[in-house]
Amino acid sequence: LVWLLVLSLAWLGPALGGEDKDEEVIEEEEKEKKEDEVLSDEIKEEDNVLVLHEHNFARALSEHQLLLVEFYAPWCGHCQQLAPAFAQAAAELRNESSPARLAKVDATAQTALATEFGITSYPTLKLFRDGNRTHPLAYTGRLDSQGIVRWVQRRAGPSATLLQDTDTIAAFTDSQDLVVVGFFKDLKGEAAQAFFDVAAEMVDMPFGVAEAAELFQAYGLSADTVCLFKKFDERQTNFPVDPVRGLDTAELTRLLRVHSLQLVMEFTNETSSQIFGAKIPHHMLLFLNKSSPEQLSLRDGFRAAAGGFRGEVRWPHGRNMQGGFGTAQPQCPPSPAQVLFVVVDVTGHGADVLPFFGMIAADAPTLRLVRMEGNRKYRMEQDNFSDPAIRTFIQAVLAGKVKPHLLSAEPPEDWDTRPVKVLVGKTFEQVAFDETKNVFVKFYAPWCPHCQAMAAAWEELAERYKDREDIVIAEMDSTANELENITIHGYPTLHYFPAGPGRKMIEFKSNRDVETFSKFLENGGTLPEEPPVSGVRTAPPPRDVPSPS
């Protein structure tokens with residue numbers, strides 16, 4: 001029996017060992033296969049989007065004339081939101097047999113590529129042309145499928161349509177509500193090339209170009225001029241090119257944005273991107289209920305006031321144009337500040353912005369002026385909807401004679417009984433500027449997921465220091481409260497106000513966890529220096545930036 005057992009083991013042993021060896025071989029082969037896939041320059045696709053890494057990136061550049069690459073992080077919420085639109089745009093471009101393709105790179109895995117192209121946030125989109133990887137173009141379009149397709153198409157072909165005769169140009173100017181035509185005597189000159197650059201960026205309106213002498217004559221032009229044709233207001237606005245200074249692309253872009261808007265805009269879902277995209281520094285708002293004929297009639301005085309604040313059409317260094325041709329002047333008076341006039345229906349799309357102003361629908365009709373820098377809001381002591389009263393109010397605000405109207409909620413009865421003290425606009429200075437306390441304040445928005453994620457840590461921090469007389473942990477809802485000298489640009493924002501005279505404010509920008517908060521407090525508003533970990537890139541924690549709309 002013993003021998004039988006020994007012989008059995010001797011017979012089975014090699015077989016069993018062989019099976020183990022086969023499994024090891026299979027695992028090794030699979031590992032080598034995966035490594036070969038990573039090292040290979042083969043290009044795979046997902047939903048018409050090329051999947052790139054450091055070993056196939058050069059091949060992709062060599063095979064595609066235009067390549068728009070998204071550098072993303074798998075955990076990034078904005079990247080996840082972009083993915084369907086990016087895939088749809090990729091499919092549209094492929095179906096059109098465009099020379100452009102879309103691709104993506106996981107920047108958290110492909111760190112060499114991320115470092116090479118300076119990727120510090122996600123998603124980051126860059127356009128590579130003709131295989132050149134040293135000077136990619138940063139993406140500047142909208143992050144939706146239509147915006148991506150238009151932006152890429154403008155770079156795939158001529159950015160402006162050549163208009164060769166009066167019939168063609170007439171059809172072109174009549175084709176849409178807004179069109180831009182550049183009249184240039186030399187289409188290869190610097191001014192024309194600058195115009196083409198602007199056309200490549202402003203993909204939301206069609207651009208045409210003309211050089212025929214008969215077209216200059218037909219439109220009464222004698223020199224290079226950019227014309228904006230529109231089916232509303234003044235119908236045509238001319239921007240003559242300064243013969244000495246040439247055409248400034250940034251200024252032309254700004255002028256086209258401003259003058260493509262109606263004199264008085266209505267705030268809707270469709271117009272909100274135009275209103276904020278024009279970068280006009282002041283917005284004058286008329287809140288009304290469109291179902292009320294009496295309130296609708298207030299638009300007449302509002303529109304009459306708007307004409308004086310359209311802003312002068314101005315090139316840098318001395319050329320003025322007001323709704324048409326200008327004359328060169330050795331010295332130019334200051335350009336009037338631009339104010340965009342907007343009607344907001346409190347029962348329509350405008351209902352969503354009422355909380356931003358601390359208003360309800362019943363407050364209509366009423367007027368507000370917003371200085372876009374810092375989101376400062378101004379209101380009349382007594383609403384007066386006449387043209388002269390509106391003009392006078394705007395001029396007083398622009399001259400600094402009116403203080404901003406600051407929102408403040410009422411302080412809760414138990415605002416100082418809990419570990420986290422609840423601040424409002426009315427009580428902020430009394431607490432934050434107390435020279436006997438070190439005050440750490442979280443400025444948040446109730447809807448902000450990053451604020452929600454750190455809420456427990458903030459409560460735990462307050463609990464840890466609740467018995468310290470010299471430390472106050474506080475929070476303020478910045479959507480319901482405003483401060484005159486502190487502007488919050490993103491949520492959450494953390495500011496520390498150390499005890500003592502001077503009250504220098506320090507912004508906290510590190511990891512949002514209890515231990516890091518505690519180190520910051522114990523070290524007097526700074527974090528002790530720690531040696532960097534080799535090969536690890538750090539970035540500030542994410543914040544939600546509220547959309548201006």
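Treat the numbers as computed from the prediction; the structure is a model and nothing was measured. Numbers for residues simply follow the sequence, beginning at 1.
The structure places CE of M265 at 14.0 Å from CZ of F341, a figure rounded to the nearest 0.5 Å. In this structure, CG in L125 is found 5.0 Å from CZ in F86, a value given to the nearest 0.5 Å. To the nearest 0.5 Å, atoms CZ (F239) and CG (D248) are separated by 13.0 Å. Residue K290 holds its NZ atom at 7.0 Å from CG of L296, rounded to the nearest 0.5 Å. In this structure, L137 CG and L127 CG are separated by 5.5 Å, a value rounded to the nearest 0.5 Å. Annotation: the span from E475 atom CD to C451 atom SG amounts to 9.5 Å, rounded to 0.5 Å.
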K426 and E410: CA distance, side-chain angles, deciding distance, salt bridge (charged side-chain N to carboxylate O under 4.0 Å, His left out) verdict: CA-CA 8 Å; K426 296 176 181 179; E410 292 300 321; 2.3 Å; yes
T237 vs E234, side chain to side chain donor-acceptor pair (under 3.5 Å): CA-CA, chis, key distance, verdict: CA-CA 7 Å; T237 306; E234 65 271 27; 3.0 Å; yes
Candidate pair D383 and T366, rule side chain to side chain donor-acceptor pair (under 3.5 Å), full reasoning: CA-CA 6 Å; D383 279 323; T366 187; 2.7 Å; yes
Stepwise side chain to side chain contact (heavy atoms under 4.5 Å, CB included) check, L354 with V346: CA-CA 7 Å; L354 293 179; V346 298; 3.9 Å; yes
R371/V397 under side chain to side chain contact (heavy atoms under 4.5 Å, CB included): CA gap, chis, key distance, verdict: CA-CA 9 Å; R371 188 190 300 273; V397 171; 4.2 Å; yes
Derivation and outcome, side chain to side chain donor-acceptor pair (under 3.5 Å), residues T253 and E201: CA-CA 9 Å; T253 300; E201 289 293 332; over 6 Å; no
Pair I486-H495, side chain to side chain contact (heavy atoms under 4.5 Å, CB included): steps then yes or no: CA-CA 10 Å; I486 300 175; H495 284 314; 4.3 Å; yes
R257 and D204: CA distance, side-chain angles, deciding distance, salt bridge (charged side-chain N to carboxylate O under 4.0 Å, His left out) verdict: CA-CA 10 Å; R257 289 285 180 214; D204 50 348; 2.7 Å; yes
R464 vs E515, salt bridge (charged side-chain N to carboxylate O under 4.0 Å, His left out): CA-CA, chis, key distance, verdict: CA-CA 11 Å; R464 179 178 295 189; E515 295 309 318; 2.9 Å; yes
From CA spacing to verdict: side chain to side chain contact (heavy atoms under 4.5 Å, CB included), E70, V105: CA-CA 6 Å; E70 176 201 0; V105 171; over 6 Å; no
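Remark: side-chain polar atoms of N481 are not paired, donor with acceptor, to backbone N or O of V424 under 3.5 angstrom. Checking side-chain atoms of N523 against main-chain N and O of G525 turns up no donor-acceptor pair under 3.5 Å. At distances below 3.5 Å, not a single donor-acceptor pair connects side-chain atoms of E507 with backbone N or O atoms of L494. Of the possible donor and acceptor atoms, one in the side chain of R155 sits under 3.5 Å from a partner among the backbone N and O of W151. Side chain of Q262 to main chain of D233: no donor-acceptor pair is present (N/O by atom type, distance under 3.5 Å, no hydrogens or angles). Although no hydrogens or angles enter the test, the distance criterion places a donor-acceptor pair under 3.5 Å between the side chain of D144 and the main chain of Q146. Without hydrogens or angle criteria, S145 side chain to A89 main chain gives no donor-acceptor distance under 3.5 Å. Proximity of a side-chain donor or acceptor of K230 to a complementary backbone N or O of H259 within less than 3.5 Å is detected. Distance alone, capped at 3.5 Å, places no donor-acceptor pair between the R142 side chain and the I148 backbone. T392 contributes a side-chain N or O that, together with a main-chain N or O of P388, makes up a donor-acceptor pair within less than 3.5 Å.
At least one side-chain heavy atom of V431 sits less than 4.5 Å from a side-chain heavy atom of W415. Here the side chains of L369 and L285 are not in contact, with every heavy-atom distance at 4.5 Å or above. Using a 4.5 Å heavy-atom cutoff, the side chains of L367 and F393 are not in contact. Under the 4.5 Å side-chain criterion, counting only non-hydrogen atoms from C-beta, L483 is in contact with M476. For the pair I390/Q395, no side-chain contact is recorded, criterion being any heavy-atom separation below 4.5 Å from C-beta on. Two residues are said to be in side-chain contact when any heavy atoms from C-beta on lie closer than 4.5 Å; M372 and P281 fail this criterion. With contacts defined as side-chain heavy-atom distances shorter than 4.5 Å, the pair F443/P492 does not qualify. L521 places none of its side-chain heavy atoms less than 4.5 Å from the side chain of T516.
Residues A306 and V264 share a closest heavy-atom pair of CB-CG2, 4.0 Å. Closest of all the heavy-atom pairs between L527 and F520 is CD2-N, 3.6 Å. Considering all non-hydrogen atoms of both residues, I280 and L340 come closest at CG2-N, 3.7 Å. Minimum interatomic distance between L407 and A480 (heavy atoms only, all atoms of both residues): CB-O, 3.6 Å. For the pair I119 and A107, the tightest heavy-atom approach, listed with the atom from each and the gap, is CG2-CB, 4.4 Å. The two atoms that bring A304 and D387 nearest to each other are CB-OD2, 3.6 Å, heavy atoms only.
Each of Y122, F117, Y139 was checked for a ring pair (Phe, Tyr, Trp, His ring centres under 6.0 Å) with F71, and the lone residue meeting it is F117. Test V422, D416, V420 against R418 for side chain to side chain contact (heavy atoms under 4.5 Å, CB included) and you get one pass: V422.
Donor-acceptor pairing under 3.5 Å is lacking for the side chains of R299 and S297. E266 and T271 share no side-chain donor-acceptor pair at under 3.5 Å. Between N438 and Y496, the side chains place a donor N or O and an acceptor N or O closer than 3.5 Å (distance only, hydrogens not considered). Donor-acceptor pairing under 3.5 Å is lacking for the side chains of S292 and N289.
The aromatic ring centroids of Y465 and F440 lie 6.0 Å or more from each other. Taking the six-membered ring for Trp and the full ring otherwise, the centers of Y491 and H450 sit at least 6.0 Å from each other. Side-chain rings of Y444 and W458 stay apart, their centers remaining 6.0 Å or farther from each other. Taking the six-membered ring where the residue is Trp, the centroids of F287 and F357 are separated by under 6.0 Å.
Using cut-offs of 30° and 60° on the angle between ring planes, the pair F276 and H283 is tilted.
Around atom CD of E522, more than 12 heavy atoms belonging to other residues, nucleotides or ligands sit under 6.0 Å away.
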